[in-house]
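Right, I'll just put the structure down here and ask away after.
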Amino acid sequence: MAAFYHRLHHHHHHHFSQHHLHPPSTDLRRLFHRLTIASSLSIICFSLVYLLTGGCESELAENSEIKPSARDFLARASGWRQEGNGTDALGSGHAAPETNSSGKEWTAARRLPQALIIGVKKGGTRALLEFLRLHPDIRALGSEPHFFDRHYARGLDWYRSMMPKALDGQIVMEKTPRYFVTVDTPARVHAMSQNVKLIVVVRDPVTRAISDYTQIISKTPDIPSFESLAFKNRTTGQIDSLWSPLWIGLYAQHMERWLAWFPRNQIHLVSGERLIADPAGELGKVQDFLGLQRIVTDKHFYFNKTKGFPCLKKPEGSSKPHCLGKTKGRTHVSIDPEVIRKLRDFYKPHNQRFYQLAGQNFGWH
């Protein structure tokens, strides 16, 4: 910049000393040229000042503290590009905002996740992830990478390469519900980061097991009945607690394994039932836990009566309303009430122990 001004200055002196040599037309052309440069500069400077002082903050005046990435998001949403078009005569109306947004992109990098949704299967993890992705400061992987349970041998560089690019203030996250129940996972996650924030969506273990079985039967229709798999011995009523749909619901036992590696305040529990009944309330607590502004609120949801689920009015990058996919909210297979009663008895002590570890009662009967 200094060199540029120096050149301009030098050129200025030179211009007057040689004044009589130039015909008026050249003078005019030079003057116009200098004016163009001056106005381009002023536009660039104005844009920079506008960005630095956060010209878009007025939209969220009540929130005094906006993280740069949120402001970046708001600015993108409010469309600098349109504002730029008015100054097209100078050809640099576009340039300032464009340079800014692409300059921002250069700082976006692939980073290891700072938060994980670790469980539980059929608890509502997909819904939670989709709801969280509405937040401009969350960058989440859409698929389940299964790094810590299946692909650990591929190494952290592979894992990082899977992550979406994120700006500085943004939180990178992924969900793999299997993590909560796999034995080696807590130590492996801890080896990546001691400060990672962990989220577990829990749901009544009995309805969770039925939901799990419903999913299994949709994929392998010739599977034995729920009852025959749930009991080791139907006559003695002895339950097979190692059958995956039942074993996953032993939350206390899994939670204890995580608490051996992470402090309780680094693990946030989401009630799967409340996530459906009051999505905004549960989302508010998750945003607090992640240290984010509460941007996802009840404005984002409407309740779909046929599906029995909350849906999004406007999901990430789309203007159409959106409910979760066809495989979500399946009608559960009907199970003998006597079997359900036995399962409730089986889970009762486990649930009580879990409530103590969690420091909250989830109200499962």
Original post:
Does any donor atom in the side chain of Asn195 or Ser193 lie under 3.5 Å from an acceptor atom in the other side chain?
Top reply: no

Subject >> Heavy-atom side-chain proximity of Val181 to Arg178 below 4.5 angstrom >> reply: yes

**OP:** Just do the side chain to side chain contact (heavy atoms under 4.5 Å, CB included) check on Met255 and Arg264 with the steps written out, would you?
**Re:** CA-CA 10 Å; Met255 185 76 170; Arg264 175 67 188 87; 4.1 Å; yes

Original post:
What closest approach, in Å, do Arg188 and Asp149 show between heavy atoms, and which atom pair accounts for it?
Top reply: NH1-O, 4.2 Å

Original post:
Can you tell me how far CZ of Arg133 sits from CG of Leu312, rounded to the nearest 0.5 angstrom?
Top reply: 11.0 Å

Subject >> Short N-O contact, Asp157 and Arg160, less than 4.0 angstrom >> reply: yes

Original post:
Would Asp204 and Arg344 count as a salt bridge (Lys or Arg N to Asp or Glu O under 4.0 Å) if you check the C-alpha gap in whole Å, the side-chain angles of each, and the deciding distance to 0.1 Å?
Top reply: CA-CA 10 Å; Asp204 181 329; Arg344 296 220 172 274; 2.9 Å; yes

**OP:** Give the intermediate values and the outcome of side chain to side chain contact (heavy atoms under 4.5 Å, CB included) for residues Ile335 and Ile210.
**Re:** CA-CA 8 Å; Ile335 283 150; Ile210 298 166; 3.7 Å; yes

**OP:** Apply ring-ring contact (aromatic ring centres under 6.0 Å, His included) to His350 and Phe346, showing your working.
**Re:** CA-CA 8 Å; His350 292 282; Phe346 164 72; 5.3 Å; yes

Original post:
Ile295 versus Pro136: any side-chain heavy-atom pair under 4.5 Å?
Top reply: yes

Original post:
So, the side chain of Gln266 versus the backbone of Pro263: is there a donor-acceptor pair under 3.5 Å, distance only?
Top reply: no

Subject >> Verdict with supporting geometry, Tyr251 and Val200, side chain to side chain contact (heavy atoms under 4.5 Å, CB included) >> reply: CA-CA 10 Å; Tyr251 302 145; Val200 193; over 6 Å; no

Original post:
Does Arg294 use its side chain to pair, donor to acceptor, with the backbone of Gln287 at less than 3.5 Å?
Top reply: no

Subject >> Least distance between heavy atoms, Leu275 atom then Phe131 atom >> reply: CD1-CD1, 4.2 Å

**OP:** For residues Leu246 and Ser241, determine if any side-chain heavy atom of one lies less than 4.5 Å from a side-chain heavy atom of the other.
**Re:** no

Subject >> Test item: Val189 and Trp261 side chains (from C-beta on) under 4.5 Å apart, heavy atoms >> reply: no

**OP:** Would you please test Gln215 and Lys122 for side-chain hydrogen bond (donor to acceptor under 3.5 Å, both in side chains) and show each step?
**Re:** CA-CA 9 Å; Gln215 179 176 344; Lys122 309 314 300 169; 2.8 Å; yes

Subject >> Where Val201 and Gly123 come nearest, the two heavy atoms and their spacing >> reply: CG1-O, 3.2 Å

Subject >> pair Thr176-Pro145: side-chain heavy atoms closer than 4.5 Å >> reply: yes

Subject >> Single-linkage hydrophobic cluster, 4.5 Å side-chain cutoff, Ile340 and Leu250 together >> reply: yes

Subject >> Co-membership, hydrophobic cluster, residues Leu259 and Leu269, 4.5 Å side-chain >> reply: yes

Original post:
Considering all heavy atoms of both residues, which atom of Arg111 and which atom of Ala166 are nearest to each other, and what is their separation?
Top reply: NH2-CB, 3.5 Å

Original post:
To the nearest 0.5 Å, how far apart are CD1 in Ile217 and CZ in Arg330?
Top reply: 11.0 Å

Original post:
Side chain of Arg208, backbone of Lys121: donor and acceptor closer than 3.5 Å?
Top reply: yes

Original post:
CD/Glu338 to CG/Asp336 distance, rounded to the nearest 0.5 angstrom?
Top reply: 6.5 Å

Original post:
With distance as the sole test, does Glu282 use its side chain to make a donor-acceptor pair with the main-chain N or O of Ser271 at under 3.5 Å?
Top reply: yes

**OP:** Fit a plane to each ring of Tyr179 and Phe148, take the angle between them on a 0 to 90° scale, and name the class: parallel (under 30°), tilted (30 to 60°) or perpendicular (over 60°).
**Re:** perpendicular

Subject >> Phe289 reachable from Val196 in the ILVMFWY side-chain graph, under 4.5 Å edges >> reply: no

Original post:
Is His254 reaching over with its side chain to a backbone N or O of Val120, donor-acceptor style, under 3.5 angstrom?
Top reply: no

**OP:** Compare all side-chain heavy atoms of Thr185 with those of Trp258 and state whether any distance is below 4.5 angstrom.
**Re:** yes

Subject >> Leu141 side, atom CG; Phe147 side, atom CZ - distance, nearest 0.5 Å >> reply: 13.0 Å

Original post:
Would His190 and Phe262 count as a ring-ring contact (aromatic ring centres under 6.0 Å, His included) if you check the C-alpha gap in whole Å, the side-chain angles of each, and the deciding distance to 0.1 Å?
Top reply: CA-CA 8 Å; His190 189 269; Phe262 293 96; 5.4 Å; yes

Original post:
Considering only heavy atoms from C-beta outward, does the side chain of Pro310 approach that of Tyr302 to under 4.5 Å?
Top reply: no

Original post:
Atom CD1 in Ile216, atom CG in Asp212: separation rounded to 0.5 Å?
Top reply: 4.5 Å

Subject >> Cationic N near anionic O, under 4.0 Å, Glu256 to Arg353 >> reply: yes

Original post:
Does Trp158 offer a backbone N or O that forms a donor-acceptor pair with the side chain of His151 under 3.5 Å?
Top reply: no

Original post:
When you check the gap from the basic side-chain N to the acidic O, do Arg234 and Glu227 get nearer than 4.0 Å?
Top reply: no

Original post:
Applying the 4.5 Å side-chain criterion to the ILVMFWY set and letting contacts propagate, would Val206 and Phe180 be lumped into a single cluster?
Top reply: yes

Subject >> Arg126 and Lys328: CA distance, side-chain angles, deciding distance, side chain to side chain contact (heavy atoms under 4.5 Å, CB included) verdict >> reply: CA-CA 9 Å; Arg126 171 57 58 190; Lys328 303 298 176 188; 3.9 Å; yes

Subject >> Shared hydrophobic cluster for Val270 and Phe354 (ILVMFWY, side-chain gaps under 4.5 Å) >> reply: no

Original post:
Quick one: does Ser228's side chain have a donor or acceptor within less than 3.5 Å of a partner on Pro224's backbone?
Top reply: no

**OP:** Taking the side chain as every heavy atom from C-beta outward, state whether Cys323 and Phe309 have any atom pair closer than 4.5 Å.
**Re:** no

**OP:** Hey, could you give me the NZ/CG distance between Lys175 and Leu132, rounded to the nearest 0.5 Å?
**Re:** 12.0 Å

Original post:
What pair of heavy atoms forms the shortest contact from His332 to Arg203, and how long is it?
Top reply: CE1-NH2, 3.5 Å

**OP:** Say whether, by atom type as modelled, one donor and one acceptor occur between the side chain of Tyr213 and the main chain of Leu229 under 3.5 angstrom.
**Re:** no

Original post:
Closest approach of Leu324 and Glu130, non-hydrogen atoms and distance?
Top reply: CD2-CG, 3.9 Å

Original post:
Does Ser211 use its side chain to pair, donor to acceptor, with the backbone of Thr207 at less than 3.5 Å?
Top reply: no

**OP:** For the residue pair Trp364 and Phe362, categorise the inter-ring angle as parallel (less than 30°), tilted (30 to 60°) or perpendicular (more than 60°).
**Re:** parallel

**OP:** May I ask you to check if Lys313 and Phe301 form a cation-pi contact, with NZ or CZ under 6.0 angstrom from the six-membered ring centre and within 45° of the axis?
**Re:** no

Subject >> Side-chain (Gln114) to main-chain (Ile171) donor-acceptor, under 3.5 angstrom >> reply: no

